[in-house]
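One structure below.
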Amino acid sequence: MVKMGLVPREGSVVIEKILGERKTEFGFLLLKGNAKVSLKVTATGVGVKNVKNGDVVICPAYSGFSYRSDDKEYLIIDAEDILAVVNEP
C-alpha cells in the first residue's frame with residue numbers, strides 16, 4: 001500500500017517512478033529526460049497476479065495516468081500494460 005493512501009482499483013497497479021543517477025561514469029551530468037528511470041510497483045489492486053509490491057517493471061513510456069505527491073511521481077496503469085518484470089541478479 002502506498003503511504004499516502006492511494007489505493008488502485010481492481011486490475012490496476014500503482015508504480016513509483018524512481019530517477020537513477022544523473023551522472024555518467026565520466027562525471028557528465030545528464031538532462032532529466034536522459035536519466036535512467038526505474039519503475040517500482042508500490043500497490044496492486046484486487047485480482048492482480050503477475051506482479052507484487054517491490055517488483056521493478058517495464059511498461060510503455062506513455063501508458064497510464066501520472067500522479068505527483070510529496071516530490072514523488074507515480075503512474076497508475078492497468079496490470080495488463082506491464083510488459084516485463086526485471087529480475088536483477
(message) Is any side-chain heavy atom of Val86 closer than 4.5 Å to one of Ile58?
(response) yes
(request) Indicate yes or no: at least one non-hydrogen side-chain atom of Val14 is less than 4.5 angstrom from one of Leu75. (result) no
(message) To check you understand the geometry: which heavy-atom pair defines the closest contact between Glu73 and Ser66, and what is its length?
(response) OE2-OG, 3.0 Å
(message) Measuring from atom CG of Leu6 to atom OG of Ser12, what distance do you get when rounded to the nearest 0.5 angstrom?
(response) 10.0 Å
(request) Over all heavy atoms of both residues, which pair between Leu39 and Cys59 is shortest? Give the atoms and the distance, please. (result) CD1-SG, 3.6 Å
(request) Output the distance between atom OH (Tyr67) and atom CD (Glu16), rounded to the nearest 0.5 Å. (result) 13.0 Å
(message) So Thr44 and Lys52, do their side chains get closer than 4.5 Å, heavy atoms only?
(response) no
(request) Measure the spacing between NZ of Lys17 and OH of Tyr74 and express it to the nearest 0.5 Å. (result) 13.0 Å
(request) Would you check if Asn87 and Val85 make a side-chain contact, meaning some heavy-atom pair closer than 4.5 Å? (result) yes
(message) Let me confirm one number: the CD1-CD1 distance from Ile15 to Ile77, rounded to the nearest 0.5 Å.
(response) 3.5 Å
(message) Which heavy atom of Val51 sits nearest to which heavy atom of Asp55, and what is that distance?
(response) CA-OD2, 3.5 Å
(request) Hey, could you give me the CG/OG distance between Asp81 and Ser63, rounded to the nearest 0.5 Å? (result) 5.0 Å
(request) Output the distance between atom CD1 (Ile76) and atom CZ (Arg9), rounded to the nearest 0.5 Å. (result) 11.5 Å
(request) Taking all non-hydrogen atoms of both residues into account, name the closest pair between Pro8 and Gly45 and its distance. (result) CG-N, 3.5 Å
